[in-house]
Amino acid sequence: MYGLVNQAIRDMILVNHGEEIWAWVRQRAELEVDTFEGMEPYPDDLTHRLVMAASVELHDDPHALLRAFGEFWVKYTAAEGYGPLMDMAGSSLPEFLNNLDDLHARVGVNFPQLVPPSFDTEEHDQGTMHLHYHSSRQGLAPMVIGLVEGLGDRFDTPVEVEQLASRGEGADHDVFSVRYEPPQTSPGGVIEQP
Ligand code: HEM
């Protein structure tokens, strides 16, 4: 994955746990570098090693870490200059979830070796959406849960995410139910500004 992802994991550990813990994680993951080039691709194995090393050093479950990382990523990318790309993807949670593939297609303009995930959405009930996640990588479903929660924060929309099908348990791909509070509409059907 591109260095931007590894750099974000590093920053999350530094911000939440400080230099000393990061040094231990680095050592355990057998990293030869202290920082990553955001625009350079790195082997996926390095990202995997980072997550596993952080999980040991922080005494935290890798799933919990990936989930926290997903949430962190939404703020991190916005702060690292990708805010306008995020803005283009939509102004509400459901609209944004519908546009995730377009978002990564735009990201791919600057990251030519990007191997992005792919998402499909299905309107289930009023306020519930099914999110289908396809990836060439295994094991990142918990990150998707955190990402959707982070997007809920971004849009000030309370959200509950539940995994309905899991590749780890033999399903063809991961599926999530995303229950969100629909934006308030006035009787005239106009979305009220907060
Ligand atoms: C402007 C914001 C974003 C940028 C710049 C961005 C960029 C990236 C990059 C560089 C990767 C690594 C892939 C690779 O190197 O081949 C990635 C992976 C990923 N992105 Fe995004 N992304 C953004 C927003 C999002 C959002 C909002 C979601 C929400 C679902 C998301 C879901 C994922 C997932 C799940 C992966 C893991 C790769 C996989 O599943 O195969 N991204 N993204």
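Both counts, for ligands and for their atoms, begin at 1 and track the order of listing. Any value given below was found using the heavy atoms of this structure, including those in side chains, with hydrogens, waters and symmetry copies removed.
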### Task
Over all heavy atoms of both residues, which pair between Leu114 and His104 is shortest? Give the atoms and the distance, please.
CD2-O, 3.5 Å

### Query
Less than 6.0 Å separating the ring centroids of Tyr42 and Tyr2?
no

### Geometric class of the Tyr82/Phe111 ring pair [parallel <30°, tilted 30-60°, perpendicular >60°]
tilted

Could you go through ligand 1 and list every pair where one of its N or O atoms sits under 3.5 Å from a protein N or O, giving the atom names and the distance to one decimal?
residue, atom, partner, partner atom, Å
ligand 1, 15 (O), Tyr2, N, 2.8
ligand 1, 16 (O), Val115, N, 2.8
ligand 1, 16 (O), Arg137, NH2, 3.0
ligand 1, 20 (N), His104, NE2, 3.0
ligand 1, 22 (N), Trp73, NE1, 3.4
ligand 1, 22 (N), His104, NE2, 3.1
ligand 1, 40 (O), Tyr133, OH, 2.5
ligand 1, 40 (O), Ser135, OG, 3.1
ligand 1, 41 (O), Ser135, OG, 2.6
ligand 1, 41 (O), Arg137, NH1, 2.8
ligand 1, 42 (N), His104, NE2, 3.0
ligand 1, 43 (N), His104, NE2, 3.2

### Query
Roughly how far, to the nearest 0.5 Å, is the CZ atom of Phe155 from the CD atom of Glu95?
7.5 Å

### Query
Between Glu162 and Arg179, is there a side-chain N and carboxylate O pair less than 4.0 Å apart?
no

### Message
I'd like to know if the side chain of Glu80 and the backbone of Tyr76 have a donor-acceptor N/O pair within less than 3.5 Å.
### Response
no

